[in-house]
There are 2 protein chains.
Amino acid sequence: MAAKKKPARPITSTAEFARHVGLARTTVSRVLNGQPGLKPKTIERVQRAMDETGFTPNAYAVRLKGKSTATVGICMEDLLTPTAVKKLSALQRAFRMKHYTSLIEVFEPGQSRQLIRHFLSMRVEAIVFIGHFPAEELAQRIDELNAHGTPHVVIDHVDIPSAHRVTVDRARGMIDVVNHLVARGHRSFGLLGISAWLHGKLGRMHGIMQALAAHKLPFAQCARSLDHLHVRRNDFEFGKTLAASFATLPDRPTAYLALNDEIAIGAMHGLQAAGIDIPGEAAVTGFNNQEICAMTRPTLTSVDQQIDETIRVGTEVLLGQIGQPPRTKAILRTIDPKLIIRQSTDFTVAAR
Amino acid sequence: MAAKKKPARPITSTAEFARHVGLARTTVSRVLNGQPGLKPKTIERVQRAMDETGFTPNAYAVRLKGKSTATVGICMEDLLTPTAVKKLSALQRAFRMKHYTSLIEVFEPGQSRQLIRHFLSMRVEAIVFIGHFPAEELAQRIDELNAHGTPHVVIDHVDIPSAHRVTVDRARGMIDVVNHLVARGHRSFGLLGISAWLHGKLGRMHGIMQALAAHKLPFAQCARSLDHLHVRRNDFEFGKTLAASFATLPDRPTAYLALNDEIAIGAMHGLQAAGIDIPGEAAVTGFNNQEICAMTRPTLTSVDQQIDETIRVGTEVLLGQIGQPPRTKAILRTIDPKLIIRQSTDFTVAAR
DNA sequence: GCTTGACGCGGACACGTGTCCTCGGGTGTC
DNA sequence: GACACCCGAGGACACGTGTCCGCGTCAAGC
């Protein structure tokens, strides 16, 4: 097709390329940048030579000279959390649509300073954080960005007051969950991986307490956690282990609220292994509404994060800062989640 | 902490920064590049000023001048396939360890040429492809890279003869699966999403045929596919739909081999919904051995891709090309998968 | 007081590009 | 044949950095 020859050394500069085509360097440059006043035949000659030689202008030289880099940095908690990666995917697509290039890197505790410096040295126009991070370390990075005047937005991690944040309202999600379970007759709740340190008023715990209070159910008596018995993780095994512990309790709860779908599915597995029927003897809820929720036995009630909406708002917040004077007040936008009811809670408990 | 002041405009050049510190630009540059012959006190003065001002040298200017960009391009099929993202995660970590920066982009059919040009303009030292792509389009890109002299490696996609490739031996995986199922007494097999167009000798179909032949089981009579009845996808729903179709057959197979775990789990769901017991009345196998396999009911027998090993070999192949004369012969390295047996196949069928 | 280093200064060049400018050659028009 | 006009050539500068080199300054050692 295009590239037939094997140039021992590829052409690396416009000057060299222009010599190869038999034109002046400036002429080639004007073709590449679409300037007017050129004979169509000349343009076509350059195009063809580019295809043949595979020459590409050095982006570093272009960006050095040019005003804008059209680049954003994306800092990920990790690349293994499915929902975080989904957000990354949506975000990267959104930026590509707007002709921004994304630099994607993973936040390593203790190394974040270097990472941000790398982004800044690449002259990114903005930085996005996706996921949960060590709070004080992130807060330092945000303060530095604010001082530096680089726009940013933090998605999901909510307890950095000085940061612009976009997050699903997890409290709202848990309120919906609790209301649903209470309506099904449940009065005792096991918490799987949900702790009070999770993000204040928008956190899950806050929603649970608020909802229980609205139903005049005293939290201390109704809700129970066994997280402290095991090493905290966010995967199937953790849920399974927790469920095994709950199964041994004489007065075990009838409903189980998990931090995420993985823990919920693990918990279902653990409860079922102990001979407990779901949803007949125990209800279980997840969080994130991953596709797998519709494929478990029973299918899993879960809370949908509305990722597309989150990313839409996130890019809006970010692009709204570019080219604007720095905002004095931090932005906080919340997204309403959506409860998806499935079989794992589809059983009404007889009132005691 | 570090950044207290709010400079209206951040410092953008070493010259400006040097003026701010009260040193010569060259002196600052020598500090930044760790050259000898500097008073410790001077070094410390520069360090402190960097922390205070948040100044970072312009990477574009540095890379323009410097010899090596220490950058690799990673071209992903998408960011939604869990196993592909796992490979990305491992690969990015591996490169970071070797002080390479990764540029991560998604392959869009029809846009791949622009993408590779972008990588080349960023002067990447090598390019990795992860996943499955439109074959002829990828082949063109590989030819261009070969002509250009840019090292590459393709992970997973195997039917590009001119490309350096690393892949798990999927045929080997299916041979293990079939042997296992035959040993359990199965003689009839339903194929879920597995087609002959999948990659020749290393493809799944080839392994299945080879294994059946070894057991003197005629493929045409033993294996059956209903893929053509539905729109091909790779998710849970596709498996569920296929299973529903198989369930209606009077002489349905006793074992089901799925393209991946998602289809397998969907199929289990579909079969169970039709009242078919697993593994009592039907065996199901997946591929990829994702964590979820241990959490389904029953747990799912699957084939582990050995991702870490794949990535290890992949980086080895890639780094072996950098700085070397281009190889005349394409490299093909295969990784042996590992069958993980679980409940979904744990039942021995009575011989007919 | 003189010599000798140690250390920092500042000029110079190169990297590859975009853009502006002047200039010249070719073409078409009347 | 004279004129204007179009289009490309080529010189110049700037972008921010790394590096080399000669020069000045300051302090310590004799």
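Labels below follow one simple rule: chain letters A, B, ... track the order of the sequence lines, proteins then strands, and each chain is numbered from 1. Worth knowing before you read on, the calculation uses all heavy atoms, side chains too, and leaves out hydrogens, waters and symmetry mates.
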Determine, for [X] against [Y], whether the closest basic-nitrogen to carboxylate-oxygen distance falls under 4.0 angstrom.
X	Y	value
E44(A)	K41(A)	no
R93(A)	D308(A)	no
E16(A)	R19(A)	no

For the helix from dG1(C)-dC30(D) to dC30(C)-dG1(D), measure the angle between the helix axis at one end and the axis at the other, each built from five pairs, rounding to 10°.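 Taking the rotation axis at each end, their angle is 30°.
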Could you tell me which residues satisfy ring pair (Phe, Tyr, Trp, His ring centres under 6.0 Å) with Y60(A), sequence neighbours excluded, listed by chain and number?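 With neighbours one apart ignored, the set is Y60(B).
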So, using ring pair (Phe, Tyr, Trp, His ring centres under 6.0 Å) as the criterion, who are the partners of F95(B) when residues are at least two apart?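 F95(B) satisfies ring pair (Phe, Tyr, Trp, His ring centres under 6.0 Å) with no residue once adjacent residues are dropped.
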Which letters describe nucleotides 14-19 of chain C, given B = protein heavy atom under 4.0 Å from base, S = only from sugar-phosphate, - = neither? BBBBBB
Could you check I104(A), V153(A), I311(A) and say which one makes a side-chain contact (heavy atoms from CB on, under 4.5 Å) with L91(A)? I311(A)
Check whether any side-chain heavy atom of V28(B) lies under 4.5 Å from a side-chain heavy atom of V31(B), and answer yes or no.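 Sidechains of V31(B) and V28(B): no contact.
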Which pairs with one or both residues in residues 116-125 of chain B pass salt bridge (charged side-chain N to carboxylate O under 4.0 Å, His left out), sequence neighbours excluded? none
Tell me whether the rings of H157(A) and F133(A) are parallel (<30°), tilted (30 to 60°) or perpendicular (>60°). parallel
Rounding to an integer number of Å, can you tell me how far K39(B) NZ sits from dA6(C) P? 13 Å
Atom pairs under 3.5 Å: protein N/O with N/O of nucleotides 27-29 of chain D:
none

Quiz question: by atom type and distance under 3.5 Å, do the side chains of Q305(B) and K86(B) form a donor-acceptor pair? no
